[in-house]
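Okay, so here's the structure we're looking at.
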Amino acid sequence: MSADIKANANTFMSSLRHCQNDCSSKIYEREIQIQVVHGVNIPFQSISKPVFMCEKASLQCQTDGPIKDSESDEQTQPLEELWPQGLTIMKARQLLSLFVISQNPAIFQEVKPAPHPLWVRCDMADSERTIWLGAETICSGSKVTAVKLYTISCKGPLTGKCSFVRLDELKQQHYQRHHPSVMVTKGFATYNLFGSTVVENTVIESQSSVTVDFRWNNVESILQTPPLSSTATLNIKVASGDMRSPMYQLYKELEFVQVLADGLRTGVTEWVEPLEVTAPVELTKTLIEDLQDKTRNMQNKAVNTSEAQKLKSDSSVESSMINTLLTERGDLDFVEQLWVKMRRSVTSYQDIVDCLQLVIKALKYGEVKPWIHRDSSSSLSKLVLQSYCAQLEPVSLTGLIPVRMLLEMGLDKMRKDYINFLISNLPPFLNYYLNTEVDLQEQVVRTRKLHHLLEMVVTCNTFLGLAYEHLFVLTQSCLQYYEVNPYNEDHNFKLQIRPAVISSFFQRENLFTWGVEVASGQGSREVRTCWQLSDRSPVEHPGSDMTDFTLEMTVNGDCEEPAYFVTAASCSLLSFA
């Protein structure tokens with residue numbers, strides 16, 4: 001081997017180790033950017049550790065000095081330059097060759113720690129449309145014994161009924177490359193169960209989605225329907241506020257709670273359009289007068305209370321878990337009823353003050369003796385309790401106090417709404433969501449978490465028909481997640497499920513991804529040959545025709561022929577022993 005090649009390999013490895021030690025990026029040979037990345041998205045690879053990534057350096061990185069304003073005005077950077085740019089296949093192979101040479105103990109005897117795996121982004125200009133080349137060292141103790149080389153390519157979007165590779169052809173490719181004594185096949189597929197829909201050739205976007213991932217062994221054919229023996233996992237991501245959700249009205253109520261909380265925090269309240277045409281003061285007067293009429297008839301009051309208790313006690317575990325949130329609670333106390341009327345009608349700070357003044361005056365002079373829930377914690381609820389003993393503390397409805405009182409009323413009511421849904425199975429860690437000792441802003445956040453949790457559960461029940469046993473597990477996992485994590489509508493909640501439970505959905509719903517891998521070898525020396533069909537491009541760097549299409553849509557916008565991407569991956573093992 002020539003001294004120049006050894007010198008180049010040593011220089012390239014020095015650049016890699018510089019990035020690894022300093023956790024920084026470096027420009028190599030003026031046009032190649034090397035950086036250490038975490039969690040890079042590469043098809044067929046589950047990468048959890050840091051890797052080196054090489055790609056074409058952007059124009060800004062290649063420029064030695066700052067660009068003057070006059071130059072930037074004359075030359076507008078092309079849009080594609082903002083995307084990650086790949087290297088030519090020849091340059092990518094050269095980098096992998098230098099990496100392999102630098103790890104060969106027969107050439108470089110000095111023992112050094114194994115470097116991170118190397119992945120080179122390619123420009124897809126070759127006939128195979130290569131998107132990634134990769135290399136990973138295999139060690140025995142501290143000694144490098146082999147390097148595993150990867151090649152990943154992607155073609156598409158393709159339309160029409162093109163012939164796919166046959167499973168026996170894929171096995172033959174793997175056998176010719178590795179000559180194993182035993183090969184195993186593993187299948188994987190992802191289906192869309194709920195999310196964006198297509199109506200009259202128009203995609204109606206939805207921020208919510210429920211997909212299911214299947215994994216199974218012993219694949220029988222390409223595009224095989226996942227067998228009922230598969231391992232199935234639901235991926236649930238729900239954005240609150242979907243108008244299709246049965247919880248939409250509760251979401252609007254939560255929105256008003258958030259408006260009040262934002263007003264307390266910023267001092268400015270952006271009032272929403274009222275849902276009632278009647279003035280809030282008139283609604284409050286009517287509520288007080290109705291309560292006075294009921295007070296005159298104690299018998300009716302007792303009957304109503306008894307019926308409300310009976311409704312609560314007669315519900316079964318499963319029906320309460322599934323149905324109670326879809327109808328308004330029948331046991332709203334006086335403060336909760338007042339909240340319902342005020343949140344639908346108030347449009348100003350003065351509206352809140354006027355309504356609260358009416359109620360406090362009626363309590364002070366004993367005009368009403370309303371009932372409230374024993375565990376109510378709002379300031380107005382405490383005043384109601386004091387009115388029972390005619391010991392009402394003076395209240396100054398000035399500053400932010402009225403807004404704070406109304407927000408407390410709303411939080412109190414909404415917590416009971418959500419807990420009403422969970423009442424049949426109250427876990428001990430639910431105390432986190434019921435804690436009223438934390439400040440009001442944190443109480444709002446925890447109430448939003450409860451709402452988001454129930455949005456997911458109700459979505460799975462309403463649109464997928466999941467049974468109580470699955471909803472219970474989902475509820476428990478969501479409650480535990482949100483006790484230690486911030487509010488996040490982009491988080492994918494996972495739920496293991498039997499394929500038979502959702503077979504009627506995935507056998508007729510949209511296929512996102514279908515793939516198969518042929519594998520042989522054990523542990524770090526396992527090698528695989530993979531093939532995948534998907535409805536979207538698996539790469540983020542641009543190619544001449546890599547625009548995304550869903551499987552239902554074609555280039556012309558009609559639904560007769562599907563469009564798809566075919567991704568293939570192979571690896572080989574280069575041993576030094």
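When reading the values below, keep in mind they use all heavy atoms of this one structure, side chains included, and skip hydrogens, waters and symmetry mates.
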Polar contact flag, side-chain donor to acceptor under 3.5 angstrom, Gln532-Thr513: no
Minimum side-chain heavy-atom gap Val566-Tyr564 below 4.5 Å: yes
Heavy-atom pair with the smallest gap, counting every atom of Cys122 and Thr130: CB-O, 3.3 Å
Asn218 vs Trp216, side chain to side chain contact (heavy atoms under 4.5 Å, CB included): CA-CA, chis, key distance, verdict: CA-CA 7 Å; Asn218 303 321; Trp216 71 97; over 6 Å; no
Close side-chain approach of Trp514 and Trp531, heavy atoms under 4.5 Å: yes
Flag, side chain of Asn485 to backbone of Tyr481, donor-acceptor distance under 3.5 Å: yes
Close side-chain approach of Arg528 to Lys186, heavy-atom, < 4.5 Å: no
Sidechain-backbone polar pair: Ser15 side chain, Thr11 backbone, donor-acceptor under 3.5 Å: yes
Face-on cation placement of Arg536 at Phe512 ring, 6.0 Å and 45° thresholds: yes
Heavy-atom pair with the smallest gap, counting every atom of Ser230 and Pro499: O-CG, 3.3 Å
Any donor-acceptor N/O pair, Thr88 side chain to Lys91 backbone, under 3.5 Å: yes
Close side-chain approach of Tyr482 and Leu450, heavy atoms under 4.5 Å: no
Minimum heavy-atom distance between Leu98 and Ile5, given as atom pair plus value: CD2-O, 4.3 Å
Interatomic spacing from CG in Leu170 to OG1 in Thr185 - rounded to 0.5 Å: 10.0 Å
Aromatic ring pairing Tyr175/His179, orientation class (parallel under 30°, perpendicular over 60°, tilted between): perpendicular
Test side chain to side chain contact (heavy atoms under 4.5 Å, CB included) applied to Ile42 and Val51, step by step: CA-CA 11 Å; Ile42 298 178; Val51 300; 5.7 Å; no
Sidechain-backbone polar pair: Arg446 side chain, Tyr432 backbone, donor-acceptor under 3.5 Å: yes
Minimum heavy-atom distance between Phe194 and Ser208, given as atom pair plus value: CE2-CB, 3.9 Å
Pairs meeting criterion ring-ring contact (aromatic ring centres under 6.0 Å, His included) with involvement of residues 133-156, two or more places apart: Trp119-Tyr150
Between CD on residue Gln176 and CD on residue Gln172, distance to nearest 0.5 Å: 4.5 Å
Euclidean distance, Gln258 CD relative to Thr447 OG1, rounded to 0.5 Å: 10.0 Å
Polar side-chain atom of His452 near backbone of Ser240 as donor-acceptor pair, under 3.5 Å: no
Contact summary for Ser102 and Phe99, nearest pair of heavy atoms: OG-O, 2.7 Å
Gln441 side chain vs Ala261 backbone, donor-acceptor pair below 3.5 Å: yes
Glu220 atom CD, neighbour heavy-atom count above 12 within 6.0 Å: no
Geometric class of the Tyr418/His451 ring pair [parallel <30°, tilted 30-60°, perpendicular >60°]: perpendicular
Phe164 CZ to Leu533 CG distance, which is reported to the nearest 0.5 Å: 5.0 Å
Among Gln173, Glu517, Arg177, side-chain hydrogen bond (donor to acceptor under 3.5 Å, both in side chains) partner for Thr529: Arg177
Sole residue of Asn192, Leu234, Asn492, Asn235 in side chain to side chain contact (heavy atoms under 4.5 Å, CB included) with Val210: Leu234
Pair Phe52 and Phe12, ring centroids less than 6.0 Å apart: no
Side-chain (Lys148) to main-chain (Glu526) donor-acceptor, under 3.5 angstrom: yes
Leu16 side chain near Met13 side chain, heavy-atom distance below 4.5 Å: yes
Side chains of Asp213 and Thr233, donor plus acceptor under 3.5 Å: no
Whether Asn8 side chain and Asp4 backbone form a donor-acceptor pair below 3.5 Å: yes
Minimal non-hydrogen separation, Cys460 against Leu474, with atom names: SG-CD2, 4.0 Å
Phe565 side chain near Lys155 side chain, heavy-atom distance below 4.5 Å: no
Pairs touching residues 484-505 that satisfy salt bridge (charged side-chain N to carboxylate O under 4.0 Å, His left out), sequence neighbours left out: Glu469-Arg498
From CA spacing to verdict: side chain to side chain contact (heavy atoms under 4.5 Å, CB included), Leu479, Thr475: CA-CA 6 Å; Leu479 286 171; Thr475 301; 4.0 Å; yes
Close side-chain approach of Ser477 and Leu495, heavy atoms under 4.5 Å: no
Heavy-atom donor-acceptor pair, Thr567 side chain to Cys154 backbone, under 3.5 Å: no
Step-by-step side chain to side chain contact (heavy atoms under 4.5 Å, CB included) determination, Gln35 to Glu55: CA-CA 9 Å; Gln35 55 185 325; Glu55 60 188 7; 3.3 Å; yes
Sidechain-backbone polar pair: Arg129 side chain, Met124 backbone, donor-acceptor under 3.5 Å: yes
Side-chain ion pair, Asp262 and Arg265, N-O less than 4.0 Å: yes
Partners passing ring-ring contact (aromatic ring centres under 6.0 Å, His included) against His174 (at least two apart in sequence or in another chain): His178
Side chain to side chain, Ile131 and Pro43, heavy atoms closer than 4.5 Å: yes
Spacing of CD1 belonging to Ile236 relative to CZ belonging to Phe493, to within rounding of 0.5 Å: 9.0 Å
Atom pair CZ/OG1 of Arg215 and Thr231 - distance to nearest 0.5 Å: 9.5 Å
Gln45 and Trp132: side chain donor to acceptor below 3.5 Å: no
